[in-house]
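To start, the structure itself, in structure tokens.
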Amino acid sequence: NEYGLSNTTVTVSVITKDSYSGINKYLSRLDTEIINREVSNYIVERIIYDNVGNPSVLKSVNISIDLTAPISKINSPVNNSQTNKPVIFVIGTATDSNIKNYEIIMKDKNDSVVYYHNELSGQTEEVLAEINIENYAEGRYTIENKVTDLAGNQGLSVILDMIQLVSLLT
């Protein structure tokens, strides 16, 4: 992808051709480097010899693969909470060594999005969002924390029937 990472199986194909004497043999090498617990880097190298014994120029390809989904948690509020406060603090985790962004999405009972926050920053283990609910109707809502890494892997945590908004006390 545009970040140089893949989250799928990668196939490397090499086409060799020598119109004069033909191909005698080729030597390939695969090196693996574990960048961190989520990303592995692979280096594929190949050199080809023709029937006269002439070597080709060494060709190499670097491939970085990340198959690990980011960590996504919502620690607060908890399932089936009630509140009469004007602000909800969504506390949780959005972590990955190659994090791209995290999204906090609040939906009403009809699954309509009533709050959306997209954070294009790195890792966090803190307040993910502050949602002002002063003008929201009483009822049940859900909150999602969707984390995406640079390879496109996603981690999702959802608080179902998360919160019952009740009349704000003054």
Exercise for review: Considering non-hydrogen atoms only, spot the tightest contact between Asp111 and Lys107 and give its length.
Suggested key: OD1-CD, 3.1 Å
Practice item. Could you check if a side-chain atom of Thr68 sits within less than 4.5 angstrom of a side-chain atom of Asn153, using non-hydrogen atoms only? Key: no
Practice item. Mind listing the closest non-hydrogen atom pair of Ser60 and Glu45 along with its distance? Key: CB-CG, 3.6 Å
Exercise for review: Compare all side-chain heavy atoms of Ile43 with those of Leu30 and state whether any distance is below 4.5 angstrom.
Suggested key: no
Check your understanding: Can you check whether Asn41's main-chain N or O pairs, donor with acceptor, with Asn62's side chain at less than 3.5 Å?
Key -> no
Check your understanding: If only atom types and distance count, is the side chain of Asn110 paired as donor or acceptor with the main-chain N or O of Ser112 below 3.5 Å?
Key -> no
Point to revise | CA sep, side-chain torsions, deciding dist, call: Thr93, Asn75, side-chain contact (heavy atoms from CB on, under 4.5 Å) | key: CA-CA 8 Å; Thr93 304; Asn75 300 326; 4.2 Å; yes
**Study point:** Within-4.5 Å side-chain heavy-atom neighbours: Ile143 and Ile74
**Key:** yes
**Study point:** Side-chain donor/acceptor of Asp149 to backbone N/O of Lys100, under 3.5 Å
**Key:** no
Practice item. Using a 4.5 Å cut-off on heavy atoms from C-beta on, say whether the side chain of Ile65 contacts that of Tyr42. Key: yes
Review point. Do we see a donor-acceptor contact under 3.5 Å between the side chains of Asp66 and Asn7?
Key: no
Practice item. Would you indicate whether the side-chain heavy atoms of Arg46 and Tyr26 approach each other to under 4.5 Å? Key: yes
**Study point:** Heavy-atom pair with the smallest gap, counting every atom of Pro55 and Ile47
**Key:** CB-CD1, 4.0 Å
Check your understanding: Do Tyr141 and Tyr115 come within less than 4.5 Å of each other through their side chains, counting heavy atoms only?
Key -> no
Point to revise | Ser76 side-chain N/O to Ile91 backbone N/O, donor-acceptor pair under 3.5 Å | key: no
Practice item. Please check if the side chain of Ser56 supplies one atom and the backbone of Ile48 the other of a donor-acceptor pair under 3.5 Å. Key: yes
Check your understanding: Quick one: does Met106's side chain get under 4.5 Å of Ile88's, heavy atoms only?
Key -> yes
Check your understanding: With side chains defined as the heavy atoms from C-beta onward, is the minimum distance between Leu27 and Tyr49 less than 4.5 Å?
Key -> yes
Check your understanding: Taking Asn98 for the side chain and Leu150 for the main chain, is one N or O donor matched with an acceptor at less than 3.5 Å?
Key -> no
